[in-house]
Amino acid sequence: MPGVERPVRKSGVILLAILVGTCIGLVDSSSGWDDTGVTVGMVVLAAGTLAFLRPRIAWWVGLAVGIPVVTWNVALHHNFSSAFAVVVSLVGAGAGKLLAETSGRGTDQAPRG
């Protein structure tokens, strides 16, 4: 129907979150990368944006962005210090959810007309 906004599918957001988390994890675990601030910023921005799109699944979005970052660092370098990325990702997702709820998007429903 024209004029009716369709909500973004939950499965699409989760898959996108996993893809983005995987990309961030690959960059973060590369041998020449040593900029933790940029990694943290990207994790927060990605999780927050995706949680804004689907606020009801913010916890899942936070995990889907953060866990691949840790997985790549553990798999390639046996480094568990990047586990903090999951916490940072959950904080970003919580911020995205809060922003969505305060702006009226917290219902995850398309407007009815």
Side-chain angles (χ1 to χ4, degrees):
M1 289 191 320
V4 175
E5 177 186 335
R6 295 190 59 181
V8 180
R9 293 191 181 270
K10 292 177 187 177
S11 58
V13 170
I14 294 296
L15 288 174
L16 185 58
I18 292 170
L19 177 67
V20 170
T22 299
C23 291
I24 294 169
L26 280 169
V27 170
D28 186 52
S29 63
S30 66
S31 61
W33 187 258
D34 64 350
D35 199 340
T36 304
V38 173
T39 300
V40 168
M42 290 305 299
V43 167
V44 168
L45 184 64
T49 301
L50 293 171
F52 179 80
L53 294 175
R54 293 299 276 183
R56 288 187 182 173
I57 59 169
W59 281 98
W60 290 106
V61 167
L63 293 174
V65 171
I67 287 175
V69 176
V70 178
T71 303
W72 280 107
N73 275 291
V74 170
L76 296 178
H77 304 292
H78 306 291
N79 181 6
F80 288 90
S81 64
S82 63
F84 187 66
V86 176
V87 174
V88 169
S89 182
L90 288 169
V91 168
K97 178 180 176 144
L98 181 65
L99 184 61
E101 289 175 348
T102 58
S103 69
R105 283 193 48 97
T107 60
D108 278 346
Q109 300 280 335
R112 296 180 189 211

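On a predicted model such as this, the values are computed, not experimentally measured, just so you know.
- Using modelled atom types, no side-chain atom of Thr49 and backbone atom of Ala46 make a donor-acceptor pair closer than 3.5 Å.
- Under the side-chain hydrogen bond (donor to acceptor under 3.5 Å, both in side chains) criterion, Asp35 pairs with no residue at all, not counting sequence neighbours.
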Please list every donor-acceptor pair under 3.5 Å in which a side-chain atom of residues 60-76 meets a protein atom from a residue at least two apart or in another chain.
residue : atom : partner : partner atom : Å
Thr71   : OG1  : Ile67   : O            : 2.8
Asn73   : ND2  : Asp28   : OD2          : 2.9
Asn73   : ND2  : Val69   : O            : 3.1

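- Residue Val38 is grouped with residue Val87 when hydrophobic side chains (ILVMFWY) are merged at heavy-atom distances under 4.5 angstrom, including chains of intermediate members.
- By the rule that hydrophobic residues join a cluster once side-chain heavy atoms approach within less than 4.5 Å of another member, Val40 and Met42 end up as members of one cluster.
- Val88 and Val20 end up in the same hydrophobic cluster when Ile, Leu, Val, Met, Phe, Trp and Tyr side chains are linked at under 4.5 Å.
- The OG atom of Ser103 sits 9.5 Å away from the CG atom of Leu98 when rounded to the nearest 0.5 Å.
- Under a hydrophobic clustering in which Ile, Leu, Val, Met, Phe, Trp and Tyr are joined whenever their side-chain heavy atoms come within less than 4.5 Å, directly or via other members, Val13 and Val43 fall into the same cluster.
- When the side-chain hydrogen bond (donor to acceptor under 3.5 Å, both in side chains) test is applied to Thr36, no partner is found at least two apart in sequence or on another chain.
- In terms of heavy atoms, Arg54 sits closest to Arg9 at NE-C, 4.4 Å.
- When the side chains of ILVMFWY residues are joined at heavy-atom separations under 4.5 Å, either directly or via intervening members, Ile18 and Val27 end up in a single hydrophobic cluster.
- Once rounded to the nearest 0.5 Å, the distance linking NE2 of His77 with OG of Ser31 reads 7.0 Å.
- Every residue was checked against the side-chain hydrogen bond (donor to acceptor under 3.5 Å, both in side chains) condition with Thr22, not counting sequence neighbours, and none meets it.
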Audit row: Leu15, Leu19, side-chain contact (heavy atoms from CB on, under 4.5 Å) steps and yes/no:
CA-CA 6 Å; Leu15 288 174; Leu19 177 67; over 6 Å; no
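- Annotation: side chain to side chain contact (heavy atoms under 4.5 Å, CB included) contacts of Val91 (sequence neighbours excluded): none.
- Every residue was checked against the side-chain hydrogen bond (donor to acceptor under 3.5 Å, both in side chains) condition with Trp59, not counting sequence neighbours, and none meets it.
- Atom-to-atom distance recorded for Leu50:CG and Ser89:OG is 9.0 Å, nearest 0.5 angstrom.
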